[in-house]
S.K.: 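My questions will all concern the structure given below.
Read the numbers this way: they start at 1 and go in the same order the structure lists the ligands and their atoms.
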Amino acid sequence: MDTSFVKSPEVQKLLDRAAGIEESGGNPRLKAIMRDLIESAMTVIVKHDVSESEFWLAVKYLAEGSGELGLIVPGIGLEHFIDLFLDAKDAQAGRVGGTPRTIEGPLYVAGAPLVEGDAALTVDPDEGAHTLYMSGAVTGPDGEPVENAIVHVWHANSQGWYSHFDPTGEQTPFNNRRRIKLGKDGRYAFHSKQPSGYSVPPGGATDQLMQALGRHGNRPAHVHFFIEAPGYRTLTTQINFGDDPFAADDFAFGTREGLLPVPNRQGDAAYIAFDFQLQRASDAEDEGFSARARAAAEPVDAA
Ligand code: DHB
Ligand code: FE
């Protein structure tokens, strides 16, 4: 059967009713989006002649895998797509330049200790891990130092696990997570136990999907950032290690040109010099964070 079946009067009437189109209450924008979303699902079902069993398998997958939706969304390229969409809209509005944005990922935790100066991110033991030293400048569009910025930085440990989400339970809540308060010169520096590449939890919903697609669930070693500063647009980005085996094959599509520094390795130490350039904010909304729901933990005193 062809997809024109979805356009039949009976199915179109069903869509109107399902999306509450004829009801006076509810949210009109949500109704319009839901109608298109349900119609798209119906079109996929018809186009691929999805069987009843396959349909219910998909429902079961979503129900049971919902706890990993934050991992599945980057894995299927949707989080990167949002970056591409935002970039395209920026380009249309003439807002170009600066450090590229890239995916936040699902593993940020709000409330990390706010520290100044050369920040030590790692508080837990991480035997045998090399030390990462990263530093640089935060500037604006004209190269001016950005004053009073806060750099939120978070990364995995040498096992690839993030504190707060570590199934081994071995990390304290804010290990490898800090907010660094910068001064007038806009310079930042931190050191930590070097992260390893990240893999999705073995046997979980994301892993199952990746295997079924003939893909893997690995990311290169990387460090996440939010950079916020008065008058500037909050930047969400990350650097991925250019010398990691997965640097050119990130399952989450978070690696971007300009964000792949190769660490300078000297024995057990790795050095990354990296400057960030922010765009100026056009309004208050621009300065703030997206309204994404994020994990939070109780603030603790900086170690
Ligand atoms: C995922 C994990 C990350 O550490 C990240 O930065 C992005 C995505 C994930 O599991 O999907
Ligand atoms: Fe990550």
Side-chain angles (χ1 to χ4, degrees), residues 61-62 64-84 86 99-110 112 121-122 126 129 132 134 151-168 171 173-179 190 192-213 215-227 235-242 244-256 258-261 263 272 274 289-290 292-295 297:
Y61 175 80
L62 287 175
E64 291 176 358
S66 62
E68 284 197 21
L69 268 177
L71 283 63
I72 295 168
V73 164
I76 61 175
L78 271 179
E79 192 166 348
H80 180 55
F81 171 78
I82 295 291
D83 285 337
L84 296 177
L86 293 173
T99 302
R101 60 162 61 85
T102 194
I103 64 166
E104 171 180 331
L107 304 170
Y108 176 78
V109 178
L121 306 190
T122 310
D126 196 339
L132 169 67
M134 188 163 167
V151 175
H152 303 236
V153 52
W154 70 104
H155 68 62
N157 68 6
S158 72
Q159 306 305 305
W161 297 118
Y162 284 82
S163 60
H164 193 89
F165 302 98
D166 184 343
T168 71
Q171 295 183 67
F174 291 110
N175 191 45
N176 295 325
R177 301 176 183 278
R178 286 295 180 271
R179 287 175 298 153
F190 66 83
S192 62
K193 298 284 188 166
Q194 183 190 290
S196 295
Y198 165 95
S199 306
V200 294
T206 317
D207 188 30
Q208 282 175 35
L209 180 60
M210 289 303 128
Q211 291 200 26
L213 295 174
R215 296 181 49 201
H216 64 73
N218 299 300
R219 300 209 58 214
H222 60 279
V223 181
H224 293 267
F225 299 93
F226 288 138
I227 304 184
L235 174 68
T236 302
T237 195
Q238 43 174 294
I239 58 103
N240 283 257
F241 291 19
D244 189 287
F246 288 102
D249 189 19
D250 173 10
F251 104 99
F253 310 100
T255 55
R256 303 194 84 171
L259 299 174
L260 277 161
I272 296 177
F274 194 88
F289 290 78
S290 75
R292 179 176 182 160
R294 299 181 173 89

S.K.: Using only atom types and a distance under 3.5 Å, with no angle test, would you say the side chain of Arg101 pairs donor to acceptor with the backbone of Thr236?
M.R.: no
S.K.: Which of the numbered atoms in ligand 1 are below 4.0 angstrom from a heavy atom of Leu107?
M.R.: 2 (C), 3 (C), 4 (O)
S.K.: Can you tell me which portion of Glu79 lies within the under-4.0 Å heavy-atom range of ligand 1? Options are side chain, backbone, both, or neither.
M.R.: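 Neither part.
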S.K.: Pick whichever of Gly254, Pro106, Gly105 has a heavy atom sitting closest to atom 1 (C) of ligand 1.
M.R.: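 Going through Gly254, Pro106, Gly105 one by one, Pro106 has the nearest heavy atom to atom 1 (C) of ligand 1.
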S.K.: Using 30° and 60° as the class limits, which term best fits the ring planes of Phe225 and Phe190: parallel, tilted or perpendicular?
M.R.: tilted
S.K.: Do any of the N/O/S atoms of His155, backbone or side chain, fall under 2.8 Å from the Fe ion (ligand 2)?
M.R.: no
S.K.: So, does Gly75 sit close enough to ligand 1 that a heavy atom of it is under 4.0 Å from the ligand?
M.R.: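 Gly75 does not count as a contact of ligand 1 under the 4.0 Å cut-off.
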S.K.: Do any of the N, O or S atoms of Tyr162 sit under 2.8 Å from the Fe ion (ligand 2)?
M.R.: yes
S.K.: List every atom of ligand 1 that sits less than 4.0 Å from any heavy atom of Tyr162, numbering the atoms from 1 in the order shown and giving each element.
M.R.: 4 (O)
S.K.: Keeping Arg256 on the side-chain end and Thr102 on the backbone end, is there a donor-acceptor pair under 3.5 Å?
M.R.: no
S.K.: Quick check: does any side chain N or O of His222 sit under 3.5 Å from a backbone N or O of Tyr198, one acting as donor and the other as acceptor?
M.R.: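 It does not hold such a pair.
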S.K.: Mind checking whether His224 has an N or O less than 3.5 Å away from an N or O of ligand 1?
M.R.: yes
S.K.: Under the side-chain hydrogen bond (donor to acceptor under 3.5 Å, both in side chains) rule, what do Ser192 and Asn176 come out as? Steps first, then yes or no, please.
M.R.: CA-CA 7 Å; Ser192 62; Asn176 295 325; 4.9 Å; no
S.K.: Measuring from atom CG of Asn157 to atom OG1 of Thr122, what distance do you get when rounded to the nearest 0.5 angstrom?
M.R.: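 So the CG of Asn157 and the OG1 of Thr122 are separated by 8.5 Å.
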S.K.: With atoms numbered from 1 as shown, which atoms in ligand 1 lie under 4.0 angstrom from a non-hydrogen atom of Ile103?
M.R.: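 Once the distances to Ile103 are compared, the set is 7 (C).
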